[in-house]
Amino acid sequence: MNRKSEHLNISPAPIKHRISKEKVGFISCLLLAATFLLFPGTAVTFAASISDYAIKEYGLGFIVFPSLLVILSLLIAFTPFGKVRLGGRDEKPEFGFISWTAMLFAAGMGSGLIFWGVAEPIVHFAHPPSFVADTPLTSNVEDAKDTALALTYFHWGVHAWAVYAISGLVMAWFAFNRGRAMTISASFTDKAKGGRFQVFDFLAVIAVIFGVAGTLANTIALVQSGLQQVLPWDIAGLIFRLVLLMAIALAFTLSSTLGLDRGIKQMSLFNLLFVIAILLVVISIVDPFAVAETLVTSTVSYISLLPSLSFTIDPSSRAWSEGWSIIYFVWWIAWAPFVGPFIARISKGRTVRQYLLCTIFVPTLTTIVWFSAFGGSVFEMSILDDVIAATNSDVTYGLFTFFDAIPYGKILTYSAILLLVTFVITSADSAIYVSGMLTGSSQLGSKLMWSLTLVAITIALLLKNDIELNKQIAILGAVPFTLILMAQTCILLKEMFNHKRVVDSDE
């Protein structure tokens with residue numbers, strides 16, 4: 001009997017599993033950080049070549065898959081499964097509605113709206129793809145404006161948020177309703193260790209780190225561009241970018257130590273209030289009625305273009321699709337293992353219907369209002385040609401050229417720069433939180449090593465200083481994760497049918 005007891009008290013498997021997982025995470029961090037710091041040029045070029053190959057070979061699939069997720073999300077929301085509450089029938093939401101929407105929005109989009117708020121609609125207006133050029137869609141300025149905004153909404157709207165919503169729903173369902181860990185591997189097995197499926201967690205973490213690194217590098221470029229226009233000193237060099245990165249890294253590392261409620265939640269609420277303030281100021285300065293009209297007409301154009309944009313690629317516009325639509329959708333897939341687990345974590349107590357509809361449509365509506373106010377306003381102003389010229393020169397110049405032409409331009413410029421920084425701090429903080437969650441460790445040491453890896457990859461990108469290259473690095477993780485997300489979607493459908501059978505048998 002004693003021998004049996006001694007045998008049963010041998011080191012428990014969960015402890016061994018946890019230590020092993022942390023060691024793998026630590027080794028992965030060291031290898032990634034060392035590779036990008038020691039061989040920045042080679043590492044960045046090689047990583048970008050993988051993304052470029054995937055875009056060229058599987059481009060249509062990257063457009064069709066998110067389109068199917070939009071349809072699936074709506075179907076799930078309006079089935080009986082939509083009434084199911086994440087966490088159980090009596091579970092109450094952990095966060096209030098405003099805090100909840102603020103956190104998911106800050107994690108999912110954030111600085112990208114500031115970066116492209118003016119630039120993207122202007123680029124599509126000045127250089128429309130072949131399938132809309134010389135058609136009634138661009139026959140006059142009004143139609144061309146609405147089409148440019150509709151193309152922008154296509155990239156930032158329901159498709160992006162459907163990817164996030166389904167990714168998060170899978171994780172929330174298994175964590176809160178099946179009692180499993182909040183990891184990617186938990187979708188595939190009920191074993192606590194995760195077994196061979198643990199590799200999915202590490203692939204997800206790599207996608208998270210690369211995705212946020214690309215965004216961080218682009219944000220620093222935009223902040224540098226904005227400050228260069230309002231400060232009397234020359235800050236165009238690499239030194240300033242590195243100093244700014246270190247300051248941001250210090251901020252998001254400190255924030256990550258405060259936890260979800262005191263760190264990310266408070267930063268997200270600040271960001272939301274700041275976004276609303278800037279948006280209201282811009283709308284009040286320009287013509288509010290023109291913004292409202294643009295919002296309506298461009299949304300109609302967006303809805304009318306959705307069917308053709310969602311399932312085909314025009315052969316004559318292949319290069320445009322690869323440079324815009326495909327790379328955007330791959331970007332959202334690359335961010336799914338980051339945003340998905342995060343919004344799953346904060347959505348306990350919500351019904352599946354509320355979760356899906358709010359996660360997809362609240363941020364999409366906010367995005368449409370934002371682009372209508374910023375990019376849409378430029379179309380109504382005499383500075384349109386100046387903004388086009390500035391954007392053609394450098395996409396980071398568009399926003400600040402717009403601010404220069406309106407009252408309180410310098411205040412708005414400083415405000416946008418501050419918002420850029422706080423948004424990217426929130427995104428990086430969330431990325432570190434999710435990386436620790438997926439690798440089974442939320443200790444300080446774990447947070448520090450993920451911060452180190454994120455900073456190392458960003459430094460390599462800053463040395464290259466190429467915005468388009470940053471986008472390719474940001475989407476690297478989507479290459480393997482697309483297949484994982486497809487498998488998770490199938491598993492979710494299976495869970496839905498099983499749940500329906502259980503409910504039917506109980507009745």
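Being a predicted model, the structure only gives us computed values, none of them experimental.
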>> For Y58, give me all partners under ring-ring contact (aromatic ring centres under 6.0 Å, His included), at least two apart in sequence or on another chain.
In response: none
For the student: nearest non-hydrogen atoms of [X] and [Y], plus distance:
X    : Y    : result
A77  : L357 : CB-CD2, 4.0 Å
S73  : L356 : O-CD1, 3.5 Å
G59  : I326 : CA-CD1, 3.5 Å
G157 : T364 : C-OG1, 3.4 Å
I209 : S435 : CD1-OG, 3.8 Å
N271 : L419 : O-CD1, 3.9 Å

Could you point out which residue of [options] forms a ring pair (Phe, Tyr, Trp, His ring centres under 6.0 Å) with [X]?
X    : options                : result
F379 : F402, F125, F374       : F125
H155 : W331, W332, F371, W320 : W320
W324 : W156, F329, W116       : W116

>> Suppose we screen for salt bridge (charged side-chain N to carboxylate O under 4.0 Å, His left out). Which residues come up paired with E322, at least two apart in sequence or across chains?
In response: K56, R318
> Say you draw a straight line from CG of L420 to OG of S415; how long is it, rounded to the nearest 0.5 Å?
Replying inline: 11.0 Å
> How far does CG of L295 sit from CG of L149, to the nearest 0.5 angstrom?
Replying inline: 9.5 Å
> Can you check side-chain hydrogen bond (donor to acceptor under 3.5 Å, both in side chains) on E120 and Y328, steps first, answer last?
Replying inline: CA-CA 12 Å; E120 185 171 345; Y328 263 123; 2.6 Å; yes
>> I'd like to check I333 versus F62 (side-chain heavy atoms, cut-off strictly below 4.5 Å). Are they in contact?
In response: yes
>> Salt bridge or not between R350 and E91? Use side-chain N to carboxylate O under 4.0 Å.
In response: no
